[in-house]
Structures are given as structure tokens and as C-alpha cells.
Amino acid sequence: MATYIVTRVQKEFSADGTHRHIEGVFTDDDVHFSRREVVDSIWAGNVWMTQADGYEAVIEPVPYCPQGICLATPYLQTNLASPEKDNLENLDELSVLSRAVRRP
């Protein structure tokens with residue numbers, strides 16, 4: 001069993017264009033994982049956590065994006081009610097200047 005630390009997210013527009021949601025995450029060693037890869041890894045027994053600006057939270061899989069009728073699946077969440085960085089949705093997004101590693 002491994003523990004992965006998520007420090008940033010990659011967002012995309014929803015299919016209906018009404019909002020942006022998480023496409024994937026970046027770990028503390030700048031490796032990109034899709035939502036599906038994270039969920040599959042959690043189901044396999046690994047632990048995924050956010051860690052940023054002194055906040056941390058355990059990431060949990062959920063069936064769908066929490067935005068209304070959005071059907072993006074599977075989805076990830078931490079503390080949806082929080083305005084801080086213990087809410088996965090509030091993590092910094094990938095910068096275009098970043099040298100993040102994208103796995104094939």
C-alpha cells in the first residue's frame with residue numbers, strides 16, 4: 001500500500017460548458033494521474049491525500065462531479081464545504097510554465 005500526495009490539479013470544461021471540473025491531479029513529484037487512475041488506485045488500497053498551504057485531506061472517490069447534473073465520472077472529493085486547500089477543488093492548477101511529467 002502506498003500514499004500519494006496531491007499538490008495541484010488539472011481542470012477541464014464540463015461537456016455542457018457550464019463549469020470546470022477536475023480532469024486529473026499532480027503528485028508532489030509532478031506526475032499526472034487522471035481521475036480514473038486515482039479512483040482505481042484508491043480501490044486497490046492506496047491512500048491519496050491533498051497537501052497544500054498547511055492543509056491536508058484524504059481524497060475519496062465519488063460517483064459524479066458535485067456540480068448539479070454533471071455526469072463526469074468517476075470523480076474525486078475531499079472537503080467540499082471548505083474554502084481552503086483541504087478542498088481538492090481549491091488546489092492550484094497546473095501552470096503552463098510547469099515541467100510536470102505526463103505519463104503516457
Side-chain angles (χ1 to χ4, degrees):
M1 188 158 79
T3 298
Y4 297 89
I5 304 299
V6 172
T7 57
R8 293 177 296 148
V9 296
Q10 178 71 45
K11 291 191 175 183
E12 64 185 358
F13 277 102
S14 61
D16 65 3
T18 61
H19 65 282
R20 295 179 69 220
H21 55 221
I22 295 169
E23 172 276 327
V25 300
F26 288 88
T27 57
D28 55 351
D29 55 354
D30 282 332
V31 177
H32 175 266
F33 292 87
S34 69
R35 289 189 320 254
R36 168 60 66 193
E37 290 172 316
V38 174
V39 168
D40 289 347
S41 178
I42 291 170
W43 287 342
N46 296 304
V47 175
W48 287 75
M49 299 181 63
T50 62
Q51 196 172 71
D53 293 350
Y55 293 93
E56 53 183 46
V58 174
I59 298 172
E60 299 175 348
V62 292
Y64 297 102
C65 173
Q67 295 292 320
I69 60 170
C70 182
L71 298 178
T73 188
Y75 209 74
L76 309 168
Q77 74 175 17
T78 52
N79 183 2
L80 286 176
S82 176
E84 305 297 341
K85 295 222 174 152
D86 57 342
N87 180 343
L88 184 63
E89 298 286 341
N90 294 337
L91 289 184
D92 293 339
E93 290 189 55
L94 174 70
S95 165
V96 293
L97 301 176
S98 174
R99 291 198 245 180
V101 176
R102 289 204 165 254
R103 297 177 320 115

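Just so it is clear, the structure is predicted and the values come from calculations on it, not from any experiment.
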Undergrad: Can you list, pair by pair, the side-chain donor-acceptor contacts under 3.5 Å of residues 53-67, counting residues two or more places apart and other chains?
TA:
unit_1 : atom_1 : unit_2 : atom_2 : d
D53    : OD2    : K85    : NZ     : 3.2
Y55    : OH     : E84    : OE1    : 3.3
E56    : OE1    : Q51    : NE2    : 3.0

Undergrad: Can you tell me how far apart CZ (R20) and CD (E12) are? Round to the nearest 0.5 Å.
TA: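 One gets 9.5 Å once the value is rounded to the nearest 0.5 Å.
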
Undergrad: Nearest 0.5 Å, what's the CG-OG distance between L88 and S82?
TA: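 Those atoms lie 11.5 Å apart.
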
Undergrad: Hey, what do you get for OG (S14) to NE2 (H19), rounding to the nearest 0.5 Å?
TA: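 Atom-to-atom, S14:OG and H19:NE2 are 4.0 Å apart.
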
Undergrad: Not counting sequence neighbours, which residues clear side chain to side chain donor-acceptor pair (under 3.5 Å) with T27? List them please.
TA: D29

Undergrad: What residues, two or more places apart in sequence or in another chain, satisfy side chain to side chain contact (heavy atoms under 4.5 Å, CB included) together with N46?
TA: M1, A2, Y4, S41, A44, W48

Undergrad: Testing the basics here: between N87 and L80, what is the closest heavy-atom pair and its distance to 0.1 Å?
TA: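 Looking at all heavy atoms of both residues, the closest pair is ND2-O, 3.2 Å.
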
Undergrad: Just to verify, which of E23, E37, R8 counts as forming a side chain to side chain donor-acceptor pair (under 3.5 Å) with H32?
TA: E23

Undergrad: The criterion is side chain to side chain donor-acceptor pair (under 3.5 Å); which residues satisfy it with T73, sequence neighbours excluded?
TA: none

Undergrad: Can you pull the salt bridge (charged side-chain N to carboxylate O under 4.0 Å, His left out) pairs that have at least one residue in residues 38-50, sequence neighbours excluded?
TA: R36-D40

Undergrad: As an exercise, state the distance from OG1 of T50 to CG of L91, rounded to the nearest 0.5 Å.
TA: 5.5 Å

Undergrad: Might you point out which heavy atoms bring P74 and R35 nearest each other, and give the distance in Å?
TA: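 Here P74 and R35 meet closest at O-NE, 2.6 Å.
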
Undergrad: Between V31 and I42, is there shared hydrophobic-cluster membership here, with clusters defined by ILVMFWY side-chain heavy atoms closer than 4.5 Å?
TA: yes

Undergrad: Indicate, with yes or no, if I22 and W43 share a hydrophobic cluster defined by side-chain heavy-atom contacts under 4.5 Å among Ile, Leu, Val, Met, Phe, Trp and Tyr.
TA: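 W43 and I22: one cluster.
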
Undergrad: What residues, two or more places apart in sequence or in another chain, satisfy side chain to side chain donor-acceptor pair (under 3.5 Å) together with N79?
TA: D86

